[in-house]
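Have a look at the structure below, then the notes.
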Amino acid sequence: MLLTAGVAIGTLPAHAQLISVVGTDHYLNRAVASKDSDAPGAVGPGADLAREVLKRAGFEHTITIYPWARAYFMAQTEPNVMIISMARTPEREQDFKWVGEVAPVQYRLFKLKSRQDIRIKTLDDVKKFKIGVVSQDVAHLYLIHKRVPVSALQVTPSYSLAFKMLVAGRIDLVPRSQFGLKQFCEEAPADCGKIDSAYMMDEINSSLFMAFSKQTSDEVVNKTRKAYDQIRAEGTLATIIEPALK
């Protein structure tokens with residue numbers, strides 16, 4: 001699968017830049033070796049949707065997978081950067097130019113089924129446990145906002161590692177979406193029958209979106225939104241994404 005797509009259309013301004021699509025290794029956009037960069041490219045329905053949208057909009061682009069903190073920083077600080085599969089939260093609303101929904105997402109705190117001592121009715125109950133998080137991830141920021149002590153948050157490079165630590169008994173809880181658990185169970189591989197939902201994090205259940213950095217021009221954003229709306233209206237979006245939701 002090609003990692004670049006699209007041909008710049010004649011109506012683009014002469015100074016238009018190549019669109020850099022960034023994301024983290026996720027169930028909807030998996031990392032794959034890239035010939036052109038030390039950082040991997042991406043395959044999967046989220047990446048496929050981004051390709052189709054930008055191709056329809058007439059933009060050349062690259063799709064590259066980075067650790068989440070780096071992808072997020074690039075989308076906050078650089079022009080012509082689009083980040084994919086990012087939760088849209090009130091805290092992020094003004095920091096990005098949003099394009100469109102990729103997929104609905106539900107967040108939970110996961111534990112081992114054998115940990116009968118972990119009983120969570122409110123978030124106050126999690127403060128005595130060790131929770132594996134990824135820096136600047138939506139769940140990490142949410143738990144900080146809810147005043148979960150920093151001492152309870154074990155920052156890890158990836159949620160794959162956090163789940164491995166959970167299975168090994170090194171941490172107690174992992175906050176992750178249904179997509180994150182699916183990815184871990186497929187890639188580890190792991191006996192996910194040992195993992196159970198401990199708490200529904202309903203306050204951050206929303207959808208994953210594609211969004212541009214605020215430094216990206218409104219012309220680029222509007223062209224991309226128009227292409228997204230066309231793809232959604234004709235059913236192409238559902239064709240790309242719905243198989244991943246089953």
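Side-chain atoms are counted along with the backbone in the values below, which use heavy atoms only and exclude waters and symmetry mates. In this chain, numbering begins with 1 at the start of the sequence shown.
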So, does [X] use its side chain to make a donor-acceptor pair with the main chain of [Y] at under 3.5 Å?
X    : Y    : answer
Q116 : K113 : yes
R225 : W98  : yes
Q178 : Q106 : yes
Q183 : Y27  : yes
S85  : L208 : no
K97  : V221 : no
H61  : F59  : yes
E52  : Y228 : no
K127 : A152 : no
D25  : A31  : yes

Closest approach of [X] and [Y], non-hydrogen atoms and distance?
X    : Y    : answer
I65  : G41  : CG1-O, 3.2 Å
L143 : P175 : CD1-CG, 4.2 Å
K182 : A244 : NZ-O, 3.4 Å
R92  : V138 : NH2-N, 3.4 Å

### Summary
side-chain contact (heavy atoms from CB on, under 4.5 Å) with M82: of L54, V53, V220, I63, only one passes, and it is L54
Interatomic spacing from [atom1] in [X] to [atom2] in [Y] - rounded to 0.5 Å:
X   : Y    : atom1 : atom2 : result
T64 : N29  : OG1   : CG    : 11.5 Å
L28 : I84  : CG    : CD1   : 9.0 Å
T89 : N205 : OG1   : CG    : 12.5 Å

### Criterion side chain to side chain donor-acceptor pair (under 3.5 Å) on T236 and T239, from CA distance to verdict
CA-CA 5 Å; T236 301; T239 300; 5.8 Å; no
### Message
Using a 6.0 Å cut-off, check whether atom NZ of K226 has over 12 heavy atoms from anything other than its own residue.
### Response
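For K226, atom NZ is not crowded (no more than 12 foreign heavy atoms under 6.0 Å).
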### Message
For the CD atom on E234, are there more than 12 heavy atoms of other groups (residues, nucleotides or ligands in this structure) within a distance under 6.0 Å?
### Response
yes
### Summary
Taken in chain and number order and not counting sequence neighbours, the residues that satisfy side chain to side chain contact (heavy atoms under 4.5 Å, CB included) with T77 are F73
### Query
Hey, is R51 close enough to D48 for a salt bridge, meaning N to O under 4.0 Å?
yes
### Task
Could you tell me whether R232 and E101 make a salt bridge, using a distance below 4.0 angstrom between a side-chain N and a carboxylate O?
yes
### Task
Indicate yes or no: at least one non-hydrogen side-chain atom of W68 is less than 4.5 angstrom from one of I83.
yes
### Message
Does any part of the side chain of K130, heavy atoms only, come nearer than 4.5 Å to the side chain of I171, both counted from C-beta?
### Response
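Yes, side chains in contact.
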Can you give me every donor-acceptor pair (side chain of residues 159-168, partner residue at least two apart or in another chain, under 3.5 Å) with its distance?
residue	atom	partner	partner atom	Å
Y159	OH	V134	N	3.4
Y159	OH	D137	OD2	2.9

### D172: which of K111, R115, Q154, K128 passes side-chain hydrogen bond (donor to acceptor under 3.5 Å, both in side chains)
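Answer to the side-chain hydrogen bond (donor to acceptor under 3.5 Å, both in side chains) test with D172 among K111, R115, Q154, K128: R115.
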### Query
Which pairs count as side chain to side chain donor-acceptor pair (under 3.5 Å) when at least one residue sits in residues 138-150, sequence neighbours excluded?
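Listed by first then second residue: Y142-E203, K146-E203.
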